[in-house]
Amino acid sequence: MAATQQQSAITLKGSTEIVTEFFYYGVNSILYQRAIYPPESFKRESKYGLTLLVSTDNTLNDYLQQVLQQVKEWLLNMSIQKLVLVIKDVDTDETHERWQFDIECDKSSLNEKSEPVTKSTKAINEEIKSVIRQIVASVTFLPLLENPCVFDILVYTDKDLEVPTTWGESKAHFINNSEEVRLRSFSTQIHKVDAMVAYKKSD
């Protein structure tokens with residue numbers, strides 16, 4: 001095969017790892033850019049050809065690890081529909097921003113006899129890089145968060161799925177009278193992730 005092809009066989013497990021890793025860096029980037037945690041509690045890491053910031057806060061990292069471990073299981077069995085990061089006011093619980101990542105799954109990959117899909121890792125990373133860059137650039141159009149805020153992660157799964165007891169039901173945290181900006185998407189050929197952010201219009 002010609003060396004220029006550079007196509008890699010993507011397995012369901014490999015695709016799951018790629019998407020889970022994206023969520024780790026994506027969530028960290030949002031939390032840093034929106035100043036949900038102090039900037040000094042982040043460290044620099046190189047990923048996707050970018051310098052990204054990730055949290056050094058142990059409590060936050062434990063929470064993210066727990067969430068993403070479960071997300072990984074749902075990606076593997078293709079029962080996840082979307083992951084949403086909500087930013088809300090500490091005092092009023094009012095939702096200011098809603099970062100939504102819609103996940104499409106090619107369920108034919110669950111069949112062990114299905115043909116492996118191919119896509120170069122470089123191409124996937126370039127697509128992810130574009131999404132992360134848009135997250136970083138979002139501070140140019142998102143309104144300033146004037147009051148202290150916290151975040152929550154919501155995960156939407158297939159209705160008949162058994163959810164761990166540590167996970168509770170939550171309201172959707174939709175924003176009335178919101179602006180929406182659609183971001184880029186990326187695909188491993190097995191999972192496709194579409195990103196968007198909705199935010200409260202400035203008064």
Side-chain angles (χ1 to χ4, degrees), residues 13 15-48 50-77 79-103 128-129 131-139 142-157 161-175 183 186 191 193 195-200:
K13 187 177 179 184
S15 176
T16 295
E17 293 288 345
I18 290 168
V19 177
T20 305
E21 190 174 59
F22 161 75
F23 283 137
Y24 170 75
Y25 286 106
V27 167
N28 269 285
S29 294
I30 293 167
L31 297 179
Y32 176 79
Q33 295 299 332
R34 307 311 288 140
I36 306 302
Y37 287 80
E40 62 270 17
S41 68
F42 288 80
K43 65 178 180 179
R44 295 177 184 276
E45 274 190 25
S46 293
K47 189 69 184 175
Y48 313 120
L50 299 169
T51 299
L52 301 177
L53 288 130
V54 296
S55 175
T56 57
D57 183 294
N58 290 334
T59 305
L60 171 58
N61 283 327
D62 287 347
Y63 169 72
L64 282 181
Q65 188 174 5
Q66 179 189 346
V67 169
L68 292 178
Q69 187 58 43
Q70 186 58 62
V71 165
K72 186 186 284 190
E73 283 184 35
W74 287 332
L75 282 164
L76 266 176
N77 61 28
S79 54
I80 187 168
Q81 297 171 355
K82 66 182 75 173
L83 182 145
V84 178
L85 187 150
V86 171
I87 294 176
K88 54 189 182 176
D89 192 290
V90 167
D91 297 322
T92 65
D93 204 41
E94 182 182 16
T95 303
H96 290 292
E97 290 173 17
R98 196 173 187 277
W99 295 80
Q100 181 168 308
F101 301 92
D102 293 313
I103 304 157
I128 293 175
K129 183 178 180 177
V131 180
I132 298 278
R133 274 184 163 159
Q134 285 188 307
I135 291 172
V136 172
S138 64
V139 290
L142 289 172
L144 189 67
L145 297 171
E146 295 177 350
N147 299 326
C149 289
V150 292
F151 82 101
D152 203 358
I153 291 178
L154 317 177
V155 180
Y156 291 72
T157 60
L161 192 72
E162 194 169 311
V163 176
T165 52
T166 51
W167 287 63
E169 289 286 329
S170 171
K171 63 181 182 180
H173 292 282
F174 289 123
I175 302 168
L183 307 178
F186 75 89
H191 297 101
V193 178
M196 64 162 287
V197 58
Y199 57 95
K200 187 173 171 57

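When reading the values below, keep in mind they use all heavy atoms of this one structure, side chains included, and skip hydrogens, waters and symmetry mates.
- The distance from the CD atom of Q134 to the CG atom of L183 is 5.0 Å, given to the nearest 0.5 Å.
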Can you check side-chain contact (heavy atoms from CB on, under 4.5 Å) on F23 and V67, steps first, answer last?
CA-CA 10 Å; F23 283 137; V67 169; over 6 Å; no
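- By the 4.5 Å heavy-atom criterion applied to side chains, I87 and I30 are counted as neighbours.
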L50 vs I132, test: side-chain contact (heavy atoms from CB on, under 4.5 Å). Steps then yes/no.
CA-CA 9 Å; L50 299 169; I132 298 278; 3.9 Å; yes
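- In this view, D57 and Y37, S55, T59, L60 satisfy the side-chain contact (heavy atoms from CB on, under 4.5 Å) rule, not counting sequence neighbours.
- Across all their heavy atoms, V131 and A195 have their closest contact at CG1-CB, 4.2 Å.
- In this structure, E40 places its CD atom where more than 12 heavy-atom neighbours from other residues, nucleotides or ligands lie under 6.0 Å away.
- Here the CD-CG distance, from Q100 to L85, works out to 11.5 Å after rounding to the nearest 0.5 Å.
- Checked by atom type and distance alone, the side chain of H191 pairs as donor or acceptor with a backbone atom of L75 at under 3.5 Å.
- Residues V139 and V136 share a closest heavy-atom pair of CG2-O, 3.5 Å.
- Put simply, OG1 on T157 and CG on N77 are 9.5 Å apart, with the number rounded to the nearest 0.5 Å.
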Quick one, K72 with E17, criterion side-chain contact (heavy atoms from CB on, under 4.5 Å). Give me CA distance, side-chain angles, the key distance, then yes/no.
CA-CA 7 Å; K72 186 186 284 190; E17 293 288 345; 3.4 Å; yes
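- Residues Y25 and I128 are not in side-chain contact: their nearest non-hydrogen atoms beyond the backbone lie 4.5 Å or more apart.
- Considering only heavy atoms from C-beta on, I135 comes within 4.5 Å of W99 through its side chain.
- Residues Q70 and E73 form a side-chain contact, since some pair of their non-hydrogen atoms from C-beta on lies under 4.5 Å apart.
- At a threshold of 4.5 Å between non-hydrogen side-chain atoms, the residues E97 and L145 count as touching.
- Separating the OG1 atom in T51 from the CD atom in E45 is a distance of 10.5 Å, to the nearest 0.5 Å.
- Considering only heavy atoms from C-beta on, L53 comes within 4.5 Å of R44 through its side chain.
- Each of K200, H173, K88 was evaluated against E94; a single residue qualifies, K200, per the side-chain hydrogen bond (donor to acceptor under 3.5 Å, both in side chains) test.
- What you find for K13 and L76 is that their closest heavy atoms are CA-CD2, 3.9 Å.
- The minimum heavy-atom distance linking F42 with N28 is given by the pair CE2-O, 3.7 Å.
- For the pair R133 and Y48, the minimum side-chain heavy-atom distance is 4.5 Å or more.
- Heavy-atom minimum distance, I175 versus H96: CD1-O, 3.5 Å.
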Could you walk me through whether L64 and I153 pass side-chain contact (heavy atoms from CB on, under 4.5 Å), step by step?
CA-CA 9 Å; L64 282 181; I153 291 178; 3.9 Å; yes
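- Using a 4.5 Å heavy-atom cutoff, the side chains of Y156 and I103 are not in contact.
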